[in-house]
Structure formats: C-alpha cells, structure tokens
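Let me give you the structure first, and then I'll get to my questions.
Each chain gets a letter, A, B and so on, in the order the sequences are listed, and its residues count up from 1.
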Amino acid sequence: MNRAIQTKGPAVRDAEEADPGQRPRRLGVSLRMEGISKQFGGARALDGVSISLAPGEILALCGANGAGKSTLVRILAGAEQADSGRILLDGGEVQIDSPRTATELGLSFVHQELNLVPKFTGLQNMAMGLRSTRSLGILDRKALRARAGEVGEMLGHQIVLDVPVERLPVAERWMVSLGRGLMRPAHLVALDEPTASFTDEEAERLYRVIEQLTASGVGILYISHRLEEVLRIADRICVMRNGSVVGSYGSESLDVRTLTHHIVGREVESIERRGPAAPSGERVRLSVRGLGRPPRVRAVDFDLHEGEILGIAGLVGSGRTEIARLLVGADAATEGEMVLDGEPYRARTPHEAIRRGVCLVPEERRSQGLVLADSIESNLQMAAVGATPRMSAVHRPRASRRIARSLIERFAVKSRSPKEAVHRLSGGNQQKVVVGKYVRNEPSVLILDEPTVGVDVGARAEIYGIVAELAATGTSVLMISSDFDELAVCHRVLVVRGGTVVASVEGAGATKDRLTQLCFAHVDDQEIA
Amino acid sequence: MITTLQPPIAQPWSAHLWQRLGRYGALIMLATLIVVMSVLEPDTFATGSNVVNVLNQSALSAVIAMGLTFTLVTGEFDLSIGSTASLAGVIACTLMLDDVSIPLAILAGVAVGVVIGLLNGLVVTVLGVNALVATLGIGTVAVGANYAIAGGLPVSLRDPDAFLQISLGRFAGIPYPVYIMVGLAVLAWLLLNRTVLGQSMQAVGGNAVAASLSGIRVNRVRVIGFVICGTLAALTGVLLATRTGSAAVSAGDTYLLAAFAAAFFGSAVLRDGQFHILGTIVGVVTVAVGFNAIALLGMETYWQYLFQGVVLIVGVGVGTVARRRAAA
Ligand SMILES: Nc1ncnc2c1ncn2[C@@H]1O[C@H](COP(=O)(O)OP(=O)(O)OP(=O)(O)O)[C@@H](O)[C@H]1O
Ligand SMILES: [Mg+2]
C-alpha cells in the first residue's frame with residue numbers, strides 16, 4: 001500500500017497538526033476505466049463504458065436521468081461490482097472490491113444520495129472510515145475537528161459538527177456529506193451532483209475548493225445536471241446515454257444549447273421568463289400573516305393568488321424549507337394566522353393540510369418522499385391515501401394502477417413497470433415519482449421544495465411545463481429553489497433571509513443577480529442564532 | 001410525450017431462477033414436506049381427518065400471528081402478546097366462575113386485549129418509548145395483573161361443557177376454530193390490502209416520514225396496529241381456555257416466539273421480505289405440518305424445537321440469499 005495515500009490531502013494541506021502522517025510526495029493519479037458493463041436484473045445500466053482522467057483534470061459526466069452516471073461512479077467506489085471491464089490507476093489494473101479498497105487507493109466520493117449515519121454527529125460522520133487520523137487505533141478528535149472546521153471554512157459554511165445529523169435540516173446534511181468527501185486525503189475526488197441544492201454563491205465556493213484540489217494534481221470526476229456550471233468548470237465533458245458514452249468533448253467547444261442537444265437528443269426550449277403579468281385570477285388563495293416558529297422562522301407575510309406561481313429564493317439555512325413546513329403542518333406554527341380560500345386555515349398536521357388541498361413536495365426524496373422498497377405504483381398512491389379522511393374507505397388497486405400508469409407516462413419516468421421498486425430507479429426518476437405523487441392529488445396549493453434536484457434538462461422542462469399547466473388551471477404554486485435561473489418560471493419571487501420574507505420581486509425583475517444580491521444583503525445584522 | 005414503459009428485456013435465466021426461488025422457496029419447502037410425508041405415511045398423514053387436525057392445530061397460532069403481523073407491517077413489534085393471551089384467558093375464566101355468562105366473559109377477555117393494545121400504542125406514540133421497552137413493560141404489568149387475579153394458580157371452570165363446545169364443536173365435520181381462523185384471515189387480508197387503513201399501515205412501515213408528509217396520520221395508524229394485535233392476542237388466549245376449560249397463568253407464553261417465527265417465515269413467502277397475512281398463515285401451517293409429521297413418525301418432542309428453529313432460518317435465509325442473487 002502506498003504510504004503517501006494515507007496522509008492528508010490538499011484540502012487540508014496547511015493543517016500540519018491535523019494529521020501526523022507524512023506529506024504526500026505527489027498527488028493525483030491517472031484513471032482509466034475500460035469497457036465497463038453492468039446489468040441489473042434484466043436492465044443494462046452500463047454497456048462498455050470507457051473514460052479516462054488525467055491528474056489535475058476535471059472530467060464531467062453528463063446525461064439524462066438513468067443514463068448510468070452514478071452507476072459508473074459507484075463501481076469506481078467499490079459500492080457496486082462491474083460485470084466486465086477494467087479499472088487502471090497510473091496504468092496498473094486495480095480490483096476495487098469494496099468502498100474500503102477505494103479509500104485506500106486514494107479515491108474519495110460524494111455520492112448523489114446522502115449516505116450518513118443518522119445517529120452520528122456531523123463530526124462522527126465525517127470521520128467515518130478515515131484511517132489516517134487514527135494513531136494506535138485511537139481517534140484523534142482534536143485533529144479531526146480542526147480539519148473539519150477548515151474544510152467548512154473553505155466551503156464558507158460552518159458545518160454543524162456536534163449534532164446528530166438526523167436532527168439537522170437536509171441542507172446541512174448535504175454540507176456534512178460534502179465536507180466528508182473533501183476532508184479525506186485523496187488523489188481523485190468524484191462528486192455526484194454536489195451542487196444540486198446549492199445556490200450559485202454556495203456552488204461558487206465549492207468551485208474554488210475544486211480549483212485548489214486540481215492545482216495540486218487531484219483529478220475530479222464531476223456529475224451535474226446544471227449545464228452552465230459543467231461548461232464553466234470542466235476541462236472535458238463525457239456525454240452518456242442509455243449506458244454508453246455517446247461523445248466526449250472539450251468544454252470550450254460547447255455551449256448550453258449544443259450540450260443539451262447531445263444529452264437529450266432533441267431540442268429543449270429554454271425557460272421563458274414570465275412577465276409580471278397578473279396570474280389568471282386576482283383572487284387570493286392563501287394569505288399568510290405573521291407566521292412564525294422562532295427562532296428559525298418569524299413574521300412571515302405574503303399572499304398567494306389563484307393560479308400564481310410564486311417563487312421563494314433563499315440561501316441554505318435562510319428558513320425557506322422551514323416556512324414550507326409550517327404551511328403544511330409538518331412543523332406546527334407557534335405564531336400567526338393563515339386564511340385559505342376565505343376560511344381560517346390552521347395546519348396542525350400534514351393530514352389536515354392535504355385535506356384542504358395543500359401539498360408539500362419535500363426536498364429530500366429518499367428520506368422524506370419515498371418508500372424505497374415499494375413499487376412506483378404504491379408510492380404514487382401514498383398522498384391520495386393520506387388525503388382520505390375515512391381509514392375504512394375501500395382501496396381499489398386496479399384504479400390505483402391505472403392512475404400510476406398515466407402519471408408514469410405524463411412525467412416520463414424511466415422504468416420497466418409500475419410494479420418496479422423505486423430504489424431501482426435513477427435519482428432523477430425517483431424525483432419525478434415524488435412530484436407525481438402529490439400532483440395526483442390535484443392540490444389547490446402545491447408547494448415544491450427544490451423540485452428539480454437531480455432532474456435532467458429534458459425532464460426539468462417537463463416539470464416546468466406541468467407546473468405552468470397546473471397554474472393555468474387555477475392551482476397556486478409555491479416553488480422553492482436554489483437554482484435562481486429556474487425561478488424565472490415564477491410570476492413573482494419572495495426573497496427569504498433570516499427566517500422571514502425580506503423582499504418580493506415581480507417576475508421580470510427576478511434575475512439571478514438581483515435575487516442573489518437580495519439574499520445576501522445585511523447578512524450580518526440579520527443572522528439568527 | 002415519450003412513452004417510457006420500456007419493453008421487457010430478457011433477463012438472464014439465472015437471475016430469473018433466483019428470483020423465483022426467493023419468492024417460492026418457502027412454499028416449495030412446505031410442498032416438499034407434504035409430499036415426503038404423504039409417501040412415508042400414506043395411511044395416517046394424507047387423510048382428510050389429519051388435514052382437518054393440522055388446520056385445527058394451526059388455528060390459535062394463526063390468530064395471534066396475524067395480529068402480530070399488523071404491528072410488524074407498521075414497522076413496530078409487540079412483545080406483550082403472550083402475556084396478553086394469558087391474562088385474557090384468566091379473566092374470562094375468572095368471570096365465568098363468578099357466573100358471568102359465556103359471551104360476556106369472552107367479550108371481557110377480548111376487551112383486555114383492546115386495552116393493552118391501546119396502552120402499548122399510546123406509550124409508543126405519545127410518550128415516544130421504543131416498542132421493545134414499551135411492550136415488554138406493559139407485558140410485564142399484564143403478568144402482574146394476572147398473578148393478582150389468579151394467584152398464580154390455574155383457573156378451572158366447574159362446569160366447562162358449554163364453554164368447551166367452542167373448541168370441540170364442529171360444523172360440516174370441521175371444528176369451529178378452523179372457521180374462526182379462515183374468517184379472520186379473510187378479514188385481515190381485506191383490511192391490509194383493500195382499505196385505506198391497510199395501505200396507510202404499509203406506508204408507515206415503509207417510511208414513516210414520507211408517510212407523514214403524505215398526510216397519513218402515522219401515530220393513529222400505529223396505535224390501530226397495536227390495538228388489532230392486542231385484540232387478536234386476547235382472543236387467542238380465550239380460545240386457548242376453551243380447549244381445556246381452564247386458564248393457566250403462563251398459558252400464552254409459547255405463542256410469543258411461535259408468532260414471531262411464523263410472521264418472519266411468512267415475510268419470505270411470495271414477497272421480498274415484507275410482512276403479509278397470507279405469508280404468516282403459510283408460516284403457521286408449515287410449522288403445524290412439521291409438528292404433525294414429527295408426532296406421526298414417532299419422533300421425540302425435542303425435534304419440534306429443532307424443526308421450528310431450522311424452518312425459520314432456512315425459510316428466511318433462502319429468501320434473502322435468493323433475492324441478493326437475483327439483484328446481482
Ligand atoms: N440497484 C439497482 N437495481 C436495478 N436497476 C438499477 C439499480 N441501480 C441503477 N439501476 C438502473 O440503472 C440505470 C442507470 O442508473 P444511474 O443511477 O446510474 O443513472 P444516472 O445517470 O445517475 O441518473 P440520474 O441523473 O437520474 O441520477 C437506471 O435505468 C436505473 O434504473
Ligand atoms: Mg445519478
């Protein structure tokens with residue numbers, strides 16, 4: 001085993017006391033994956049895929065949902081075994097039979113899905129499997145903490161280290177997961193959609209970390225559906241479709257339009273900016289006054305009109321998700337009044353909310369949206385089951401299946417049958433199932449918390465299409481997004497900072513720059529403990 | 001819009017085979033047992049009366065195991081079912097000794113189960129105590145109540161004939177307990193698969209957070225699961241007393257592990273590790289057929305324990321291994 005690998009990586013180069021090991025002589029390896037194939041049951045996920053990555057290079061993998069990107073990364077991580085093909089590091093073939101082997105070879109991963117131990121604190125999670133910080137089998141807590149703090153600093157975000165991650169908001173969990181991938185010494189870091197729920201500013205800091213890594217020779221394998229970012233940071237882009245690489249391009253030779261075309265194989269119209277034009281009805285559907293649950297949310301005021309698409313922009317930790325949770329009773333509001341369709345609306349539980357037609361598509365699909373072991377069909381019926389007041393009501397499996405089929409078609413979920421277990425779907429397709437299960441309820445207020453996380457460009461356009469269609473028929477939509485570009489589909493955007501609404505911007509004015517500016521203004525004096 | 005239901009792709013035959021084995025392995029075990037026994041003991045095993053006998057012996061275990069299945073489906077479990085059964089029997093018999101009518105006494109016994117189930121459910125949901133601790137605690141309290149009432153001695157009826165008829169009586173040659181088992185199985189199946197409550201239970205067991213955000217009243221569903229479980233456990237205890245006309249303090253104890261074994265064995269039947277009614281019944285019947293075979297072959301009683309343990313491990317183990325192979 002290469003000694004150098006077990007010492008610290010570039011992300012922590014300056015923390016001499018953080019790691020008592022040797023300084024690596026050289027960082028970075030060249031990676032080749034040759035002819036990798038993988039079959040799941042009857043489905044071919046990868047079909048003879050070859051990629052290569054030089055030290056210090058950034059290779060992006062792009063492709064529609066289910067193209068096989070994550071599977072390729074999981075094979076490299078030893079989490080999945082290829083049926084055939086070879087992996088070479090610096091020209092020598094290696095057998096990566098377990099995640100542990102991958103770590104020992106100096107490969108580090110931030111997977112697409114959160115893989116944290118819920119009961120462990122942020123620090124414990126970040127330390128898991130880190131061998132270099134152990135001397136004589138004892139964890140050097142102080143060094144670990146210093147190192148974790150430093151990674152947090154580079155990401156410009158104070159990672160919460162001492163709370164069990166199950167008690168953290170989802171966005172904070174992502175920070176832990178990202179910090180964990182970046183803090184270990186590595187020759188190669190693979191990041192599977194790391195920025196999916198980041199705003200540009202947050203992503204920007206990650207890019208800087210990546211830059212530092214590559215400067216010291218570390219190779220980066222980068223997966224993202226955000227094409228602008230891919231074009232900006234990647235040196236080369238591999239486009240995958242149905243388990244094969246269909247093209248490899250230098251990133252300077254592409255623009256978003258052509259890249260989109262390569263990925264989807266057809267044209268996708270870009271988001272059309274909605275004017276401030278009044279939504280179909282002027283009637284107020286939901287009026288919120290003084291809503292709060294201190295300390296994270298307080299004094300939230302806004303009106304949501306019939307047929308309106310109202311965006312919510314905010315940074316990680318701004319309280320955007322917490323507000324959504326209060327609206328549906330996932331957390332109970334301790335202050336404020338709400339009026340829905342002219343009647344007092346007090347959501348104490350999601351059940352009450354759903355019965356009044358208020359649905360929340362939660363931000364984290366695996367832990368909050370899906371029963372992973374269950375079929376697509378039974379996941380799609382869950383919100384309908386929850387909305388039924390009488391529990392003795394009859395359940396009709398056949399009708400349920402019919403509806404499932406039509407939703408699968410409407411959302412273009414890539415699957416073999418409605419009975420397929422959702423854990424077998426790719427991340428983006430799982431997301432479509434979560435959106436679909438709430439749309440099925442025909443809600444009068446649909447709240448979407450990061451609805452396009454991990455969704456490919458084509459499907460994203462389809463989701464916007466569905467949102468627009470719902471709004472056109474009178475549904476009021478509240479859409480939270482970190483991707484300020486996508487808030488262009490909104491009639492109006494609320495800016496949330498420090499747990500309250502600080503600004504409301506009409507559609508035309510809701511440009512990325514303006515929203516970013518508003519999100520950051522007076523951060524210091526507004527910050528909530 | 002693109003149609004995305006892809007045409008079925010030919011699976012490699014090995015994956016197919018493993019999948020089949022995972023689903024049907026447990027049933028194949030039961031079938032093999034039946035065939036082998038029918039060949040070995042055609043005169044005693046493969047007879048109509050022996051089939052009725054085996055079903056009759058399955059009845060009580062089936063009732064209590066079906067109840068347990070409900071809590072398992074909601075992602076909880078109940079360790080108090082044995083004590084609940086014992087207490088229900090003792091209370092029913094004690095009341096009858098005090099000249100309470102049979103139907104009323106039975107009703108009171110079953111009501112004990114409702115109360116215990118409710119307590120279990122409330123302690124787990126409202127207090128947030130882990131099901132292991134909660135049901136162990138409540139179960140122990142039930143044992144205490146039992147001793148307080150019966151003083152640790154069996155409660156025997158003075159004139160048990162009418163009461164015994166519930167177990168001994170037959171309709172069309174088949175004992176009443178078999179009808180009770182079949183009737184409850186049908187009801188339980190309908191409840192789990194054809195009502196909103198059943199769907200809610202499965203969702204809660206699958207992912208409670210997702211279920212809650214889907215509007216499902218998670219706590220209420222959990223409590224109902226515990227109540228059904230307690231009720232069926234108590235019913236089992238009362239039916240057990242109808243066999244002998246007396247109720248012993250620890251009569252229900254053996255049913256606890258038997259019910260868990262049957263439900264877990266059943267989770268490997270036709271499904272990929274999910275608890276379900278039909279599976280639980282198959283689990284109970286498999287064990288009953290085994291016991292019956294052991295008795296007919298004149299083997300010693302300890303074989304029963306060996307058999308029950310091995311059946312559980314093999315049934316669940318084969319299913320698990322096969323699923324892993326099928327997925328690989
Ligand atoms: N464990 C599994 N069992 C069965 N099929 C699987 C499994 N994991 C992945 N697949 C299938 O393999 C294909 C590729 O999935 P993968 O997760 O690699 O896609 P992806 O390119 O990462 O997509 P996304 O952008 O949505 O994350 C999909 O069709 C998926 O359904
Ligand atoms: Mg993926």
By a 4.5 Å heavy-atom criterion (distance strictly below it), what part of Ile224(B) contacts chain A: side chain, backbone, both, or neither? side chain

Exactly one of Leu446(A), Ile480(A), Asp449(A) clears side-chain contact (heavy atoms from CB on, under 4.5 Å) with Val361(A), and that residue is Leu446(A)

So for Glu352(A), is it side chain, backbone, both, or neither that comes closer than 4.5 Å to the heavy atoms of chain B? neither

With a 4.5 Å cut-off on side-chain heavy atoms, are Met201(B) and Leu191(B) touching? no

Can you tell me how far the CD1 atom of Ile138(B) sits from the CG atom of Asp78(B), to the nearest 0.5 Å? 9.5 Å

Side chain, backbone, both or neither of Arg390(A) within contact of chain B (heavy atoms, under 4.5 Å): backbone

May I ask you to check whether over 12 heavy atoms, not counting those of Arg194(B), lie within 6.0 Å of atom CZ? yes

Please determine, among Ala330(A), Ala353(A), Gly386(A), the option with the most heavy-atom pairs under 4.5 Å with chain B. Gly386(A)

Using only non-hydrogen atoms and a strict under-4.5 angstrom cutoff, which residues of residues 435-445 of chain A touch chain B? Lys437(A), Tyr438(A)

Looking only at Gly198(B), Ala203(B), Ala210(B), the option with the highest number of non-hydrogen pairs under 4.5 Å against chain A is Ala210(B)

Partners of Ser200(B) by side-chain hydrogen bond (donor to acceptor under 3.5 Å, both in side chains), sequence neighbours excluded? none

With a 4.5 angstrom heavy-atom cut-off, is it the side chain or the backbone of Arg396(A) that approaches chain B, or both, or neither? neither

Could you state the interatomic distance from CD1 (Ile313(B)) to CZ (Phe264(B)), rounded to the nearest 0.5 Å? 11.5 Å

Which bit of Ala393(A) comes within less than 4.5 Å of chain B, counting heavy atoms only: side chain, backbone, both or neither? both

One should read off an interatomic distance between Leu46(A) CG and Ser84(A) OG, to the nearest 0.5 angstrom, of 9.5 Å

What residue, out of Ala383(A), Ala421(A), Ala387(A), has the most heavy-atom pairs lying under 4.5 Å from chain B? Ala383(A)

So, Arg410(A) and Glu462(A), do they make that salt bridge, N to O below 4.0 Å? no

Would you say CZ of Arg241(A) has more than 12 non-hydrogen atoms from neighbouring residues, nucleotides or ligands within 6.0 angstrom? yes

Which answer fits Thr349(A), side chain, backbone, both or neither, if we ask what part of it has an atom under 4.5 Å from a heavy atom of chain B? neither

Output yes when Glu113(A) and Arg74(A) qualify as a salt bridge under the 4.0 Å nitrogen-oxygen rule, no when they do not. no

